[in-house]
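Notes for the one structure printed next.
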Amino acid sequence: MPDDLSTGNLWLFDTRTRKKQMFEPAEPDCVTMYVCGPTVYDLVHIGNARSAVVFDTLYRVLRHQYKRVDYVRNITDIDDKIIAACERSGEAPQSLTERYTAAYQADMQALGCLEPVHTPHATDYIEAMMSCIERLIQADHAYCAEGHVLFSVPSWPGYGSLSRRNPDEQLAGARIDPAPYKRDDKDFVLWKPSSDDQPGWESPWGRGRPGWHIECSAMSLELLGYPIDIHGGGSDLVFPHHENERAQSVCLHSGTHEFARFWLHNGMLTLGQEKMAKSRGNIRNVRDLLAEHTGETLRYALLSAHYRGPLAFSDKLLASSRTALFRLYETLIEDDRLPNEDTSGAGAGAVADTVWQPLLDDLNTPRAFAAMNKLGREANRNADEGRQALQATLQTSGRLLGLFSHDALQAYLHATRNLDARVLARLKERDKARALKDFARSDAIRDELIADGYEIFDMGAAPSRAIRPG
RNA sequence: GGCUGGGUAGCAAAGUGGUUAUGCAGCGGACUGCAACUCCGUUUACGCCGGUUCGAAUCCGACCCCAGCCUCCA
């Protein structure tokens, strides 16, 4: 257990060493982080979003601590699944990938994710990939066979140490038929031939397209250099994707210099008892969820568990997240006004130490949330001076986690306070009836408004109010 | 079969040798004409069996169960 938390250092759990380690960038004040983004052949589901939200939160924490954070999240826009989707629908690949890239970016923005510093599209880096492949061939880590270029797994003894697998002990049977042109069953594709009707690029090995793993090696090298500080992604990418990516990248650098100083992996969302996955048909896509919930509700739900563990996703979770979040909104909103902000929009207070410390401890968002809830309660308990300071601290702390954005608060304010004339009139009527102690009448009006989805608040001597939390 | 993680109250989820996690839900109270909101209090816990210890949910050992990866996957 890190004793040095009090020193203000960030500790992160590294998949490769299976240890929580103190993080420091290789270059002081400049952090490089690469996170695997989506393959854009469909709308993303909430499980995909978890990865984006988790690493966005880490990005925010890093930005809070370091002057510069070069954060890259790629878009895979060349892939067999894209080709298959186009064959089914008849749509051109570029049109399909552009559509789903835009959808992804809109969805992630709705979830409060900041735009990464770079969002490279794989198809813009084909040259870089070919150059990597060429170098791997020259270094005898790759070979050509029947229009394919394959990475030779036995050529690098370090293979398997990220995912802690002994390649020889993996279940050999019941998999895809081992391609006859592979020297070793474990070898994987760097470049594969494309038929005339498939997307492809001319290369020294014929017209073809890159394998999945080489994309990330090439783009991270191109944009962030070598090595990088942090490589992130879902835990289902550890093997084979990150294992392969690491093998390629390390073999491009003499086979001895480590590629990523920290490997971070977020856990899976489960729906019922199973992992949420397209292949199981149990997905909830972000687009549909956003029709029923705010982006911040989804974000709160996704961050309510520690990023490395599984999270049981359900409508109940969303409902409780929404209630909890709206309660915090009400704590921040005073007299139907948004809280004060400084010019940067960061919020007027400082981040609470009780929120910050858990984040430094391997991004413990549940503990940070617990601290925020305590701040909120403390603020509600305080009538005056203390209240404002606590509100400011709460707001700034939430902002750090990508919550309480100006837009979200304003939208909430608008949605809950924007009462039509009929409702206002009924409220007034009810206040009048109450003043006359005509409670049968006042309660009838209240029941009517509640039936319409309003919550009624009596304010003592002041006029009563209604909001509609939706 | 190999490799990872898990099993904490109604639900979700932190914590990890002795001290309230937290949120939602429930219950009781204050407030209220009654409610709601808010606040205060509070009921349900640490898979099973042993062991170590003054003390274990937390450490050790065995066992049971669950999930993920080994094939595209966040």
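Letters A, B, ... mirror the listed sequences (proteins, then strands); counts begin at 1.
Across all strands shown, Gly267(A) has heavy atoms under 4.0 Å from base atoms, whether or not it also approaches the sugar-phosphate. Within the nucleic acid shown, Leu317(A) comes within 4.0 Å of sugar-phosphate atoms alone, with no base atom in reach, counting heavy atoms only. If you check every strand for non-hydrogen atoms under 4.0 Å, Ile450(A) touches nothing. Within 4.0 Å (heavy atoms only), Gly47(A) reaches at least one base atom of the nucleic acid.
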If a pair means Watson-Crick or G-U wobble with both distances below 3.5 Å, what does RNA chain B look like in dot-bracket form, with | marking bases paired to a different strand? (((((((..(((.....[...))).(((((.......)))))....(.(((..]....))).))))))))....
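Environment of CD in Gln388(A): sparse, with no more than 12 heavy atoms of neighbouring residues, nucleotides or ligands closer than 6.0 Å. More than 12 non-hydrogen atoms from other residues, nucleotides or ligands lie less than 6.0 angstrom from CZ of Arg18(A).
Nucleotides A67(B) and G28(B) have their C1' atoms positioned 39 Å apart, rounded to a whole Å. Taking atom C1' on both C48(B) and C66(B), the two are 15 Å apart, rounded to the nearest angstrom. To the nearest whole angstrom, the two C1' atoms, one in U42(B) and one in G61(B), are 38 Å apart. To the nearest whole angstrom, the two C1' atoms, one in U43(B) and one in A25(B), are 13 Å apart. C59(B) and U8(B) have their P atoms separated by 16 Å, with the value rounded to a whole Å. If you take atom C1' in C40(B) and the same atom in U20(B), they sit 14 Å apart, rounded to whole Å. Comparing G15(B) with G55(B), their P atoms sit 27 Å apart, to the nearest whole Å. If you take atom P in U4(B) and the same atom in A62(B), they sit 16 Å apart, rounded to whole Å.
Ser320(A) and Thr323(A) share no donor-acceptor pair across their side chains, judged by distance under 3.5 Å alone.
Using a 4.0 Å cut-off between a side-chain N of Lys or Arg and a carboxylate O of Asp or Glu, Asp80(A) and Arg209(A) qualify as a salt bridge.
Closest contact between the side chain of Arg381(A) and the listed nucleotides A36(B), C39(B), A74(B) involves C39(B). Relative to the side chain of Arg164(A), the nucleotides C3(B), A13(B), A74(B) differ in distance, and C3(B) lies closest. Here the side chain of Asp236(A) is nearest to one of A12(B), C70(B), A74(B), namely A74(B).
Nucleotide A13(B) holds its P atom 13 Å from the NE2 atom of His306(A), rounded to whole Å. The distance between atom CG of Leu427(A) and atom P of A36(B), rounded to the nearest whole Å, is 18 Å. Distance Tyr329(A) OH to U38(B) P: 16 Å, rounded to the nearest Å. For the pair Lys19(A) NZ and U4(B) P, the computed distance is 14 Å after rounding to whole Å. Between the CG atom of Leu302(A) and the C1' atom of A12(B) there is a distance of 13 Å, given to the nearest Å. A14(B) atom C1' lies 12 Å from atom NZ of Lys20(A), rounded to whole Å. In this structure, Gln357(A) places its CD atom 19 Å from P of A14(B), rounding to the nearest Å. Leu271(A) has its CG atom 15 Å from the C1' atom of G68(B), to the nearest Å.
Inter-residue side-chain proximity for Leu269(A) and Ile46(A) is flagged as met; some heavy-atom pair is nearer than 4.5 Å. Side-chain contact between Val61(A) and Leu363(A): present, with at least one pair of heavy atoms (C-beta onward) separated by less than 4.5 Å. Contact annotation: the side chain of Asp70(A) never approaches that of Val31(A) to less than 4.5 Å [non-hydrogen atoms, C-beta and beyond]. Put simply, the side chain of Ser51(A) does not reach to within 4.5 Å of the side chain of Leu237(A), judged on heavy atoms.
The aromatic rings of His242(A) and His265(A) are tilted relative to each other, their planes meeting at an angle between 30° and 60°. Note: Tyr71(A) and Tyr59(A) have tilted aromatic rings, judged against thresholds of 30 and 60 degrees for the angle between ring planes. Note: Phe188(A) and His213(A) have perpendicular aromatic rings, judged against thresholds of 30 and 60 degrees for the angle between ring planes.
Listed by chain and residue number, Tyr226(A), His231(A), Trp263(A) satisfy the ring pair (Phe, Tyr, Trp, His ring centres under 6.0 Å) test with Phe259(A) (two or more places apart in sequence, or in another chain). Residues passing the side-chain hydrogen bond (donor to acceptor under 3.5 Å, both in side chains) test with Glu91(A), sequence neighbours excluded: Ser95(A), Arg99(A). Taking Ser304(A) as the reference, nothing meets the side-chain hydrogen bond (donor to acceptor under 3.5 Å, both in side chains) condition, with sequence neighbours excluded.
Comparing Arg308(A) and Glu455(A) by the nucleotide of RNA chain B whose heavy atom lies nearest to each, the residue mapping closer to the 5' end is Arg308(A). In this structure, Leu311(A) and Ser51(A) both approach RNA chain B, and ranking their closest nucleotides by distance from the 5' end singles out Leu311(A).
At the phosphate of U38(B), neither OP1 nor OP2 sits under 4.0 Å from any side-chain N or O atom of Asn380(A).
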Along nucleotides 21-30 of chain B, 5' to 3', which nucleotides get a B, which get an S, and which get a -, given that the test is a protein heavy-atom distance under 4.0 Å? BSSS------
Could I get a table of every N or O pair under 3.5 Å where one atom is in the protein and the other is in nucleotides 31-33 of chain B?
unit_1 : atom_1 : unit_2    : atom_2 : d
G33(B) : O6     : Arg434(A) : NE     : 3.2
G33(B) : N1     : Asp443(A) : OD1    : 3.0
G33(B) : N2     : Asp443(A) : OD2    : 2.7

